[in-house]
Each structure stands twice: as structure tokens, then as C-alpha cells.
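Notes follow the structure.
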Amino acid sequence: MSETSSGPRGPMLARPAQGLSGRLAAPGDKSVSHRSFIFGALARGETRITGLLESEDVLNTGKAMAALGAGVERTGPGEWRVTGCAGALTTPSAPLDFGNAGTGVRLVMGVVAGAGVGADFVGDASLSSRPMRRVTDPLGEMGARFTTSDGRLPAHLEPSRLTGLSYTPPIASAQVKSAILLAGLGAEGETCVHEPQITRDHTETMLKSFGADIDVTRDGPACTIRLAGPQTLTACPVDVPGDPSSSAFALVAALIIPDSDVTLTGVMDNPARTGLFTTLQEMGADLTLQPGPDMAGEKTMTITARTSTLKGIEVPAERAPAMIDEYPILAVAAAFAEGTTFMPGLEELRAKESDRLAGTAALLAASGVSVETGEDSLTVHGAGLRGIEGGGRTATHHDHRLAMSGLVLGLASRAGASVDDVAMIATSYPDFFDHMAALGAVLEPV
Ligand code: S3P
């Protein structure tokens with residue numbers, strides 16, 4: 001597998017922007033990119049991937065699948081060929097290192113457990129502080145013999161034989177759901193996951209495309225997914241749609257920077273991912289959404305964002321799973337809105353790449369925004385037409401989304417703002433700097 005070329009590192013200053021404009025293809029979706037490596041590696045045959053997000057997180061998943069026996073080869077920019085092992089993974093000779101990626105490690109834990117091989121799982125400082133029991137406990141109920149470091153990485157898995165499980169995750173998590181379903185592919189008997197509130201459904205959609213026999217039943221906000229193991233996937237081409245979560249940064253920047261007009265094409269249009277756009281529209285955002293072609297079983301859209309007068313709102317707590325990664329950038333938008341924005345139902349934000357609830361509040365407060373946190377809520381008192389002074393420095397805590405949110409706030413503020421380290425942006429959006437520069441933003445090392 002080819003190595004990553006890393007992007008800018010260290011502190012960076014966002015200068016106040018005069019107006020962003022331009023049209024860009026959205027970067028490839030991170031969730032679908034991880035899954036295309038994983039499912040391609042598990043399948044029988046050759047999976048051709050186009051538009052893969054070549055970020056550090058995704059490439060670490062590719063390396064893990066190669067270490068587990070798949071052929072993973074880059075054939076061009078964003079183009080990969082994965083030669084699958086038809087479910088017959090091999091025990092890797094070294095620990096699987098997932099870097100910063102919760103999705104990579106949690107999904108692959110399920111895959112390796114289901115395949116009946118052993119492995120060691122490691123990650124960077126941020127990933128090593130994140131909870132793994134949410135996955136190792138239910139996998140343990142299926143028969144997987146994990147040992148963890150007090151519920152965190154490093155973790156070790158002994159080769160295990162799994163039986164199916166019926167499970168209702170106690171938290172809304174697509175990673176937990178996916179780990180169990182992927183383990184279920186290799187387990188004896190039926191595996192069933194019941195979600196009281198649906199989370200992103202890319203695993204279910206892509207499993208169907210890879211020929212899995214899987215039943216998905218919706219009941220209002222709830223969803224039940226059943227599959228019987230063991231079963232083997234069949235290779236299938238994947239054309240990765242654009243990432244709504246990464247697209248949010250340029251689109252929100254356009255809404256809050258005067259004289260802006262930005263269009264992103266190919267953005268995945270999946271209701272389990274687009275809660276931010278619904279919320280921004282409720283806040284008065286001038287967003288135009290036009291349908292685009294289907295990609296990898298997903299609808300896509302072209303989104304145009306123009307400078308808008310936003311107003312504060314209460315964001316329904318039940319919308320959180322459909323926009324869980326977007327709260328930092330929503331909070332930045334809220335800082336420029338007239339009135340108060342209340343965001344409840346955010347307990348999961350404390351278990352992300354950092355404690356994102358605290359980190360988001362701190363990045364706003366550092367630039368003069370009035371903000372309050374509760375145990376599971378964030379309240380932002382927007383400045384509206386008065387605008388934000390800026391001048392703060394975001395402490396990113398190894399969190400890519402805090403880094404990008406801090407830079408967008410700087411672009412929209414009077415004095416600009418800086419972040420302490422932009423290195424982690426390469427984990428999810430390596431083209432962020434090129435894209436923002438193409439739209440007219442000035443981001444410079446300090
Ligand atoms: C993801 C699920 C979400 C999300 C993450 C990607 C996925 O995590 O925050 O960025 O691809 O399944 P949780 O399952 O922990 O909510």
C-alpha cells in the first residue's frame with residue numbers, strides 16, 4: 001500500500017476573509033471510504049473504488065485490511081483495487097495501527113472477530129483515550145475474546161468462534177451497529193441489531209450492494225437489521241459520494257462571511273447525515289439543494305450556500321445522530337446568528353476525537369463568543385450583525401473538526417483567529433487547505 005503524503009502541521013492563522021466564492025467537488029465521504037476498503041477486503045473478487053477519500057484515517061484502514069490478507073493497491077488518484085479474501089482473513093504479524101480513527105478500529109474489531117482470527121489493535125493518543133467497551137462488550141457476548149487496557153486501546157483479540165446476537169445498542173452509534181453486523185457475517189446464526197433511533201446506514205446499504213442477505217425494517221425513527229451468518233460478500237464497484245460532514249466547513253464559511261457564494265457538487269444526500277443542512281435552513285440559511293446522480297447506492301446533491309442572516313433556534317435532540325459530527329461547525333454558525341441557539345442531546349460529543357462539547361465551547365469563548373455548556377448541551381448566544389471580534393487560538397486536542405471549525409470562525413471574524421495545530425486535518429480532509437484557498441480564504445502558518 002502506498003504511504004500518505006502528510007499536509008500542513010503546526011499553528012495556523014485564518015485571516016478575515018473578504019468573501020468566498022467558487023465551485024468545488026466535495027471530498028469523498030469518510031464513512032463510505034472506510035467501508036469500501038473493509039467490504040472489498042472481505043469480499044470474494046476484485047473491488048474497484050473511485051473517489052476514495054485518501055485521508056490518513058482511511059489509509060490506515062486500508063493498511064489494516066492489507067495486513068489481514070487483502071490486496072490493496074492504488075491505481076490512480078482516488079482509485080483503488082482491493083482483492084478480497086472471501087472472508088478468509090489471516091492473523092496479522094504486527095499490531096493494526098488505526099491512528100486517529102474510531103470508525104476504522106471499531107468496524108475492523110467486528111470484522112476480525114467474525115473472521116475467527118486474532119489481532120492487536122492500537123491507535124494514537126486521542127484514539128487510545130476513547131471508549132472501546134461499547135464494541136468489545138457486545139462482541140464478547142457473541143464469543144469474541146478481547147482484552148483491553150481498561151476499556152481502551154491497546155486491545156488484543158484471541159481467535160474466537162462467534163454466534164449471532166440480538167442487540168439494542170445503549171447509545172446511538174453507527175460504529176457499534178456496524179461492528180456487530182460485520183461480526184455477524186462470520187458468526188453462526190442470526191445477528192440482529194435494533195436501533196431505537198436510526199444512525200447512518202452506510203453499512204446496511206453497502207452490505208446489500210456487496211450481495212449480503214440482510215433485512216432492514218424501519219419503524220418510524222427506529223430500525224431493525226437482521227442477517228444470518230456465515231455469509232460471504234461479493235466484490236462490487238464503489239464510486240464514493242461526497243462527504244456532507246467535510247462539505248459543512250466551506251458551506252458554513254460561505255453563510256457567515258459577507259459577499260460569499262460557494263457551490264459544492266456530489267454531496268451525499270442521506271437523511272441520516274444531512275441534519276446540519278435542515279438545521280441551517282431553519283436558521284434562515286440561503287442554501288440551494290439540487291439533485292445529482294446516485295453514487296454507491298446513495299443520492300447526491302449540489303449545494304450552493306450564500307451569505308445569510310441567520311437566527312438562533314433550538315435544535316431537536318433527536319436530530320443529533322444525523323449531524324453528530326457537525327456540532328462544532330454549527331456552533332460557529334450559531335455564533336454569527338441573531339439570538340440564542342440551544343443544542344441538546346449531545347452526550348456523545350464528549351466521546352469523539354476529543355471532548356468536542358468542551359472543545360467547541362472553548363474555541364468560541366476564546367474569540368469572544370458567549371457560550372454555555374451543560375452535561376449534554378451547548379448554548380451559543382449569537383452576535384448577529386455585531387459580528388465576532390476573533391483573535392482567539394483554538395486548542396484542537398488532536399481533533400480535526402475543532403481545527404477546521406476554529407479556522408472558519410477566524411475567517412469570518414474581524415481580527416482573524418488561529419488554531420494550535422492543523423496536522424489532524426489530514427485525517428479526514430487532506431484537501432481542506434487547497435479547497436479553502438481556491439475559494440479565496442487566506443490560511444497561513446504562524
Ligand atoms: C461514523 C459514525 C459516527 C461518526 C464518525 C463516523 C461511521 O460515530 O461520528 O465520524 O462511519 O460509522 P459513532 O458511531 O461513534 O456515533
Side-chain angles (χ1 to χ4, degrees), residues 27-39 52-53 55-58 60-61 98-111 123 126-127 129-138 152 167 169-182 193 195-207 223 225 238 240-241 243-249 268 270 272-276 296 298 318-330 345-357 359-360 376 398-402 404-405 424-425 427-429:
D29 186 68
K30 184 151 75 80
S31 295
V32 173
S33 294
H34 278 297
R35 287 163 173 81
S36 58
F37 271 156
I38 294 171
F39 298 178
L52 184 94
L53 174 74
S55 75
E56 288 175 5
D57 279 5
V58 171
N60 281 329
T61 293
F98 290 90
N100 193 247
T103 305
V105 73
R106 293 190 178 122
L107 268 59
V108 176
M109 279 177 161
V111 166
S126 154
L127 188 57
S129 70
R130 297 180 65 186
M132 293 298 146
R133 284 201 181 108
R134 54 181 57 199
V135 168
T136 57
D137 280 356
R152 289 163 213 281
Y167 192 67
I171 45 173
S173 167
Q175 294 176 359
V176 172
K177 164 177 67 177
S178 302
I180 296 166
L181 292 175
L182 292 172
V193 179
E195 291 194 294
Q197 199 170 359
I198 191 170
T199 61
R200 66 188 70 194
D201 54 359
H202 311 310
T203 294
E204 299 90 299
T205 302
M206 291 179 71
L207 279 177
C223 186
I225 308 119
V238 183
V240 179
D243 195 322
S245 304
S246 296
S247 300
F249 298 103
M268 182 173 9
N270 175 325
R273 294 289 300 281
T274 49
L276 174 74
E298 298 283 355
E318 56 280 9
R319 196 178 287 161
M323 54 181 296
I324 193 64
D325 292 335
E326 281 68 81
Y327 282 97
I329 193 64
L330 173 63
L346 306 189
E347 56 274 31
E348 268 301 295
L349 276 198
R350 296 203 182 267
K352 293 294 175 188
E353 284 83 331
S354 68
D355 176 345
R356 264 191 198 150
L357 215 166
T360 301
D376 67 350
H398 306 290
D399 189 325
H400 51 123
R401 297 198 203 277
L402 291 183
M404 291 184 276
S405 300
M424 301 315 285
I425 291 174
T427 64
S428 71
Y429 193 175

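Counting convention: from 1, in listed order, for ligands and their atoms alike. Atoms considered below: every heavy atom in the structure, side chains included; atoms not considered: hydrogens, waters and symmetry mates. Here the structure is a predicted model, which means the values were calculated and not measured.
Using modelled atom types, one finds a donor on one side chain and an acceptor on the other under 3.5 Å when comparing Ser178 with Arg35. Checking His400 against Ser428 by side-chain atom types alone, a donor-acceptor pair falls below 3.5 Å. Checking Thr103 against Gln175 by side-chain atom types alone, a donor-acceptor pair falls below 3.5 Å.
Looking at Thr61, its side chain never comes within 3.5 Å of a backbone N or O of His34 through a donor-acceptor pair.
In the vicinity of Ile324, heavy-atom distances shorter than 4.0 Å reach the ligand 1 atoms 9 (O). Of all atoms in ligand 1, numbered sequentially from 1 with element shown, those under 4.0 Å from a heavy atom of Thr103 are 1 (C), 5 (C), 6 (C), 7 (C), 11 (O). Heavy-atom contacts of Ser31 reach the following atoms of ligand 1: 6 (C), 7 (C), 11 (O) (cutoff under 4.0 Å). In summary, the atoms of ligand 1 found under 4.0 Å from a heavy atom of Arg200, numbered by their order in the structure, are 1 (C), 2 (C), 4 (C), 6 (C), 7 (C), 11 (O), 12 (O).
At under 3.5 Å, not a single nitrogen or oxygen of Leu107, backbone or side chain, sits near a nitrogen or oxygen of ligand 1.
Only the side chain of Arg35 comes within 4.0 Å of ligand 1, counting heavy atoms alone; its backbone N, CA, C and O stay farther away. When heavy-atom distances to ligand 1 are checked against a 4.0 Å cut-off, Lys352 comes that close only through its side chain, counted from C-beta outward.
For atom 14 (O) of ligand 1, the nearest protein heavy atom (residue, atom name, distance) is Ser173 OG, 2.7 Å. Of all protein heavy atoms, the one closest to atom 4 (C) of ligand 1 is Asp325 OD2, 3.4 Å.
Here Lys177 contributes atom NZ and Asp201 contributes atom CG; the two are 6.0 Å apart, rounded to the nearest 0.5 Å.
Of the listed options Arg130, Gln175, Arg273, Arg401, Gln175 places a heavy atom closest to atom 2 (C) of ligand 1.
Taking the charged nitrogens against the carboxylate oxygens, Glu353 and Arg130 do have a contact shorter than 4.0 Å, which makes a salt bridge.
The one candidate from Arg273, Met323, Lys30 that meets the side-chain contact (heavy atoms from CB on, under 4.5 Å) condition with Ser245 is Arg273.
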